[in-house]
Amino acid sequence: MRFTLEQIQHRKPVWVVLSDLFLDTDVTLMYDEIAQVCADSDYSTVELKKILSEEVAPVVSSNLMCIAGEWAGFDENWLVEQITKTSTIKESKLFYFFKPRNFWLNRYIRGHWKVLEPKILACRGNT
């Protein structure tokens, strides 16, 4: 998917806050902020989970494997550039043939999402 400038500006706050889940720190302390930013967006929880797993995670998940990974937050300009570049690569037919299947990463995302989704819904008043 190629993002327009308007889509990038609309998605950027969500990209940035969801990337915090991949910092080398106790990210559970950030759940409330992450949930609030996501709740303030126009995206459904289904769309938010897709943004997390298909746009953000492929770019920043390797930080979890670093001995001294990023802990203070990813540079926003770098993050946007990498996500938009990666999304363009995904349009290639070869990407789908070689698409990595990472069960560990999916499990990691599911664990956080299990807690975040109800918090997002609560922030929206949909308990």
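Glu76 has its side chain out of reach of Trp15: every pair of non-hydrogen atoms, C-beta onward, lies at least 4.5 Å apart. Counting only heavy atoms from C-beta outward, the side chains of Val80 and Ile83 never approach each other to under 4.5 Å. Lys12 is not listed as a side-chain neighbour of Leu79, based on a closest heavy-atom distance of 4.5 Å or more. Counting only heavy atoms from C-beta outward, the side chains of Val59 and Phe22 never approach each other to under 4.5 Å.
In this structure, Ser41 OG and Leu48 CG are separated by 4.5 Å, a value rounded to the nearest 0.5 Å. Note that the CD1 atom of Ile109 and the OG atom of Ser61 stand 7.5 Å from one another [nearest 0.5 Å].
A pairwise comparison of heavy atoms in Leu18 and Cys38 identifies CD2-SG, 3.9 Å as the closest pair. Pro13 approaches Val37 most closely through the heavy-atom pair O-CG1, 3.7 Å.
Here the rule is side-chain contact (heavy atoms from CB on, under 4.5 Å) with Met30, and of Asp20, Val17, Leu21 only Asp20 fits it.
Cluster annotation: Val27 and Trp104 are assigned to the same hydrophobic cluster (Ile/Leu/Val/Met/Phe/Trp/Tyr, side-chain heavy-atom contacts under 4.5 Å, transitive).
A donor-acceptor pair under 3.5 Å links the side-chain atoms of Gln7 to the main chain of Thr4, judged by distance alone. No side-chain donor-acceptor contact under 3.5 Å links Gln9 to the backbone of Glu6.
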Kindly indicate, with the supporting measurements, whether the criterion side chain to side chain contact (heavy atoms under 4.5 Å, CB included) is fulfilled by His10 and Tyr43. CA-CA 10 Å; His10 191 68; Tyr43 301 110; 2.8 Å; yes
After noting the C-alpha distance and the side-chain angles of Leu23 and Phe74, does the key distance pass the side chain to side chain contact (heavy atoms under 4.5 Å, CB included) rule? CA-CA 8 Å; Leu23 295 175; Phe74 297 98; 3.5 Å; yes
Test side chain to side chain contact (heavy atoms under 4.5 Å, CB included) on Val60 and Trp78 and set out the steps. CA-CA 11 Å; Val60 295; Trp78 174 86; 3.9 Å; yes
For Gln36 and Arg124, what are the C-alpha separation, side-chain angles and deciding distance, and is it a side chain to side chain contact (heavy atoms under 4.5 Å, CB included)? CA-CA 8 Å; Gln36 189 61 59; Arg124 290 180 172 169; over 6 Å; no
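Ion pairing of Glu55 with Arg11 is present here, as a side-chain N (NZ or NE/NH1/NH2) and a carboxylate O approach within less than 4.0 Å.
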Side-chain polar contacts of residues 112-123 - donor-acceptor pairs under 3.5 angstrom, sequence neighbours left out - could you list them?
residue	atom	partner	partner atom	Å
His112	ND1	Tyr31	OH	2.5
His112	NE2	Tyr108	OH	3.2
Glu117	OE2	Thr45	OG1	3.1
Lys119	NZ	Asp32	OD1	3.0

